[in-house]
There are 2 protein chains.
Amino acid sequence: MTYEPNEGNANAIPGNTKYHNPTEATLERIGGKWKTAILCLLAEQGTMRNGEMLRTLSPVTQKMLTQQLKELEADGLILRTVFSEVPPKVVYELTDSGRSLGMVLDPLCEWGKRFVNTVNQDTSTGKE
Amino acid sequence: MTYEPNEGNANAIPGNTKYHNPTEATLERIGGKWKTAILCLLAEQGTMRNGEMLRTLSPVTQKMLTQQLKELEADGLILRTVFSEVPPKVVYELTDSGRSLGMVLDPLCEWGKRFVNTVNQDTSTGKE
DNA sequence: TAATATAGTTACCATTTGGGTACGTTGAAG
DNA sequence: CTTCAACGTACCCAAATGGTAACTATATTA
């Protein structure tokens with residue numbers, strides 16, 4: 001009942017050869033370099049403008065921010081609203097779907113804190 | 001209380017410039033292509049040998065499997081036991097730390113199932 | 001003598017992801 | 001006429017990740 005493996009089980013994603021289970025589908029959507037940070041910010045602030053995020057998430061670059069926001073929007077996790085003003089104004093906020101991610105991001109964060117406190121120090125993956 | 005952003009907050013990881021929050025630390029450990037599937041299998045089966053996983057996770061390749069298992073071991077999530085026999089025998093199982101990941105993988109899986117059922121069809125990220 | 005089984009390793013290539021720098025748009029302010 | 005603010009896009013490069021095929025070791029079996 002925990003992770004639900006690949007093909008042939010009730011949770012396999014029909015017609016999808018890309019993931020082996022729903023877990024990977026989720027990971028693919030929150031896996032970008034700045035995505036959890038962005039989702040975090042929006043969850044806390046409600047709405048935010050491009051410039052605000054750029055400053056808050058520094059040293060993210062405009063390009064990376066735009067890219068991550070686009071992907072999150074394409075996945076229906078955030079809403080982008082453009083105001084036809086000059087200078088331009090664009091506001092981002094979570095959709096219901098994006099808000100529902102709290103349920104998964106919370107445990108991720110909790111585990112991360114515990115992990116860092118016990119195993120501690122960047123054993124990570126042996127890379128770098 | 002949800003995602004906990006970067007630098008300067010109580011959950012920032014000390015001396016670590018690699019992640020912005022504990023969530024990313026977790027993601028880095030479960031983010032490999034076959035890792036959730038492997039953790040899944042081990043959670044269900046208890047212990048497994050290399051060959052078993054190779055068959056069960058097909059079409060994973062030996063190289064990828066070895067690589068993912070090595071990383072999981074380095075991160076303290078699984079235990080690798082070698083029996084000095086011929087032909088060789090190696091057995092893998094979850095550590096306590098690895099077992100505790102159920103808490104985070106479960107919600108990931110649940111969200112993935114719901115996501116697929118609602119937004120459905122691979123909107124994914126616009127790539128591919 | 002040669003094939004078998006197990007659990008890898010190594011070299012090499014392709015794809016994906018992340019990142020840097022420069023440029024574009026628009027109307028108002030100086 | 002030039003500059004600024006706000007929000008991007010285009011182009012190009014580097015690093016990380018995923019994947020394929022060939023090679024290794026050794027006791028046992030045929």
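The sequence lines fix the lettering, A, B, ..., with proteins before strands; numbering per chain opens at 1.
With rounding to whole Å, B:L27 atom CG is found 13 Å from D:dT17 atom P. One interatomic measurement links the two molecules: NZ of B:K89 to P of D:dA27, which rounds to 19 Å at whole-angstrom precision. Whole-Å rounding puts the B:L57 CG to D:dG18 C1' distance at 15 Å. What separates CD of A:Q67 from P of D:dC12 is a distance of 17 Å, to the nearest Å. Atoms CE (B:M64) and P (C:dA14) sit 18 Å apart, rounded to a whole Å. Distance, B:I38 CD1 to D:dG18 P: 11 Å, rounded to whole Å. Atom P of nucleotide C:dT6 and atom CE of B:M53 are separated by 16 Å, given to the nearest angstrom. For the pair B:M48 CE and C:dA7 C1', the interatomic distance rounds to 15 Å; values are reported in whole Å.
Between A:Y92 and D:dC7 there is no side-chain polar atom (N or O) within less than 4.0 angstrom of OP1 or OP2. One finds a side-chain N or O of A:K70 lying less than 4.0 angstrom from the OP1 or OP2 phosphate oxygen of D:dT9. Remark: A:R55 is not in phosphate contact with D:dC7, judged by side-chain N or O atoms under 4.0 Å from OP1 or OP2. Put simply, B:W34 has a side-chain N or O that comes within less than 4.0 Å of OP1 or OP2 on D:dG19. Look at A:R49 and you'll find a side-chain N or O under 4.0 angstrom from OP1 or OP2 of D:dC7.
Put simply, the side chain of B:V104 reaches to within 4.5 Å of the side chain of B:L101, judged on heavy atoms. Using a 4.5 Å heavy-atom threshold, the side chains of B:Q45 and B:E52 count as separate. Residues A:L108 and A:L105 meet the side-chain proximity criterion, which asks for heavy atoms closer than 4.5 Å. Within the 4.5 Å cutoff, the side chain of A:N21 has heavy atoms near those of the A:E24 side chain. Between A:E93 and A:T81 the shortest side-chain heavy-atom distance falls below 4.5 Å.
Among C:dG19, C:dT9, D:dG18, the nucleotide with an atom closest to any side-chain atom of B:K33 is D:dG18. Here D:dC7 is the nucleotide among C:dG18, D:dC7, D:dG18 with the atom lying nearest to any side-chain atom of A:V90. With distances taken from any side-chain atom of A:V86 to the nucleotides C:dG27, D:dG19, D:dT9, the minimum falls on C:dG27. Side chain of A:T61, nearest nucleotide from C:dG20, D:dG18, C:dA5: C:dG20.
Note on the helix from C:dT1-D:dA30 to C:dG30-D:dC1: terminal axis deviation equals 40°, with five pairs used at each end and the result rounded to 10°.
For a distance-only test at 3.5 Å, the side chain of A:K63 qualifies as a donor-acceptor partner of the base of C:dG20.
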Task: CA sep, side-chain torsions, deciding dist, call: A:T66, A:Q62, side-chain hydrogen bond (donor to acceptor under 3.5 Å, both in side chains) - done: CA-CA 6 Å; A:T66 305; A:Q62 174 69 64; 2.9 Å; yes

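If A:G32 and A:P88 are placed on DNA chain C by their nearest nucleotide, the residue sitting closer to the 5' end is A:G32.
At the heavy-atom level, A:F83 lies nowhere under 4.0 Å from the strands shown.
Checking side-chain atoms of A:T95 against main-chain N and O of A:G76 turns up a donor-acceptor pair under 3.5 Å. No donor-acceptor pair under 3.5 Å is formed between the side chain of B:R114 and the backbone N or O of B:E110.
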